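First comes the structure, then the notes that go with it.
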Amino acid sequence: INWTGLAEGFYYYNASALDNVNNLNFTETRKILVDNAFPEVNFASSTPVNASTQNILSLFVNVSVIESNPVNITFSLYNNTNGITLVNSTNFSMSTSALNNTINWTLSGDGVYYYNVSVVDYAGKVNYSETRTFTKDTQIPNVTLHTSGMPVNNSVGGESVLYNWT
């Protein structure tokens, strides 16, 4: 038997045989999943936009998942301090697409970070979010105003003043 054109979902089947003298035997019932769609994973608005720079100690990531039969979700964080290095990979089981959709990473130091999220479904299909870049910058900038050539009282007459700073 060959079934074609089945809609997505779970199906159960078994086989039985009956001979001429009424001997009956049948197989165990088996379960299959017809799944043609890949999971969909997108960043929620509470996640920093791509290529953002912030002065924060942790990075909160929230995603929405569209998938009828999710199995797990993996959040991956990379750092680019000494070449791109995996900092953390956290995998959560999912029984519905509404569970385990957030993570809050504590960032160790200033620098450029990359992160993405993958979702695997019951049929083994995998899909990934975009990879986003995030820069953690907690350093206070130093400013030095060079006043060489200025009068002792740092006052100048005129319509404009030219400053040189580094």
Side-chain angles (χ1 to χ4, degrees), residues 1-140:
I1 297 176
N2 183 8
W3 293 289
T4 59
L6 295 173
E8 289 196 0
F10 286 98
Y11 292 88
Y12 300 88
Y13 70 95
N14 64 10
S16 59
L18 177 67
D19 66 15
N20 291 336
V21 291
N22 288 329
N23 291 318
L24 176 65
N25 197 2
F26 45 90
T27 66
E28 66 185 52
T29 299
R30 297 184 183 208
K31 175 180 168 181
I32 63 168
L33 170 65
V34 175
D35 182 358
N36 297 315
F38 281 86
E40 188 175 322
V41 56
N42 296 296
F43 290 109
S45 61
S46 57
T47 302
V49 298
N50 189 32
S52 61
T53 299
Q54 294 184 21
N55 178 359
I56 58 175
L57 300 177
S58 61
L59 175 59
F60 178 76
V61 175
N62 183 13
V63 295
S64 63
V65 175
I66 299 172
E67 172 57 48
S68 300
N69 303 293
V71 173
N72 66 49
I73 185 168
T74 303
F75 294 85
S76 299
L77 176 68
Y78 303 85
N79 182 289
N80 195 15
T81 304
N82 296 313
I84 298 175
T85 306
L86 180 64
V87 174
N88 180 276
S89 180
T90 302
N91 185 295
F92 296 113
S93 294
M94 296 181 80
S95 57
T96 73
S97 59
L99 295 177
N100 299 320
N101 293 357
T102 64
I103 194 165
N104 195 17
W105 285 301
T106 299
L107 303 176
S108 60
D110 284 4
V112 178
Y113 292 86
Y114 303 94
Y115 58 95
N116 64 20
V117 181
S118 64
V119 175
V120 179
D121 71 10
Y122 190 79
K125 292 184 177 352
V126 182
N127 205 359
Y128 296 86
S129 69
E130 67 175 311
T131 298
R132 288 193 175 180
T133 303
F134 175 82
T135 302
K136 176 185 175 189
D137 182 3
T138 60
Q139 298 297 313
I140 298 171

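Heavy atoms only: backbone and side chains are in, while hydrogens, waters and symmetry mates are out. Remember, predicted model here, so these are calculated numbers, not experimental data. For reference, positions follow the sequence shown, starting with 1.
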What's the separation between atom [atom1] in [X] and atom [atom2] in [Y], rounded to the nearest 0.5 Å?
{"X": "Asn55", "Y": "Lys136", "atom1": "CG", "atom2": "NZ", "result": "8.5 Å"}
{"X": "Asn62", "Y": "Asn42", "atom1": "CG", "atom2": "CG", "result": "11.5 Å"}
{"X": "Phe92", "Y": "Asn72", "atom1": "CZ", "atom2": "CG", "result": "11.0 Å"}
{"X": "Ile84", "Y": "Tyr78", "atom1": "CD1", "atom2": "OH", "result": "9.5 Å"}
{"X": "Phe134", "Y": "Leu77", "atom1": "CZ", "atom2": "CG", "result": "10.0 Å"}
{"X": "Phe26", "Y": "Asn14", "atom1": "CZ", "atom2": "CG", "result": "8.0 Å"}

Does any non-hydrogen side-chain atom of [Y] lie less than 4.5 Å from one of [X]?
{"X": "Met94", "Y": "Val71", "result": "no"}
{"X": "Arg30", "Y": "Tyr12", "result": "no"}
{"X": "Thr74", "Y": "Ser89", "result": "yes"}

Is [X] reaching over with its side chain to a backbone N or O of [Y], donor-acceptor style, under 3.5 angstrom?
{"X": "Ser58", "Y": "Ile56", "result": "no"}
{"X": "Asn127", "Y": "Ser129", "result": "no"}
{"X": "Asn100", "Y": "Thr102", "result": "no"}
{"X": "Asn101", "Y": "Ser97", "result": "yes"}
{"X": "Glu130", "Y": "Arg132", "result": "no"}
{"X": "Glu67", "Y": "Glu40", "result": "no"}

Write down the atom of [X], the atom of [Y], and the distance for their closest heavy-atom approach.
{"X": "Thr131", "Y": "Asn50", "value": "O-OD1, 4.2 Å"}
{"X": "Ser76", "Y": "Trp105", "value": "O-CH2, 3.6 Å"}
{"X": "Phe60", "Y": "Ser46", "value": "CE2-OG, 3.7 Å"}
{"X": "Tyr11", "Y": "Leu6", "value": "OH-CB, 3.7 Å"}
{"X": "Asn80", "Y": "Gly83", "value": "OD1-C, 3.5 Å"}
{"X": "Leu33", "Y": "Asn69", "value": "CD1-ND2, 3.8 Å"}

* **Lys/Arg cation over aromatic Phe10: Lys31, 6.0 Å, 45° cone** => yes

* Which is it for Thr106 and Leu57 under the side chain to side chain contact (heavy atoms under 4.5 Å, CB included) test, yes or no, and what are the steps along the way? -> CA-CA 6 Å; Thr106 299; Leu57 300 177; 5.6 Å; no

* To do: Determine whether more than 12 heavy atoms belonging to other residues, nucleotides or ligands lie under 6.0 Å from atom CD1 of Ile140.
  => no

* **Ring centre gap for Phe43 and Tyr115 strictly below 6.0 Å** => yes

* Name the one of Val120, Val126, Ile73, Val119 that satisfies side chain to side chain contact (heavy atoms under 4.5 Å, CB included) with Pro39? -> Val119

* To do: With side chain to side chain contact (heavy atoms under 4.5 Å, CB included) as the test, would you mind laying out the steps for Phe75 and Val61 before giving the verdict?
  => CA-CA 9 Å; Phe75 294 85; Val61 175; 4.2 Å; yes

* To do: Go through Thr138 and Asp110 one step at a time and tell me if the side-chain hydrogen bond (donor to acceptor under 3.5 Å, both in side chains) criterion holds.
  => CA-CA 7 Å; Thr138 60; Asp110 284 4; 2.7 Å; yes

* Asked: Yes or no on side chain to side chain contact (heavy atoms under 4.5 Å, CB included) for Thr29 and Tyr13, after CA distance, side-chain angles and deciding distance?
  -> CA-CA 5 Å; Thr29 299; Tyr13 70 95; over 6 Å; no

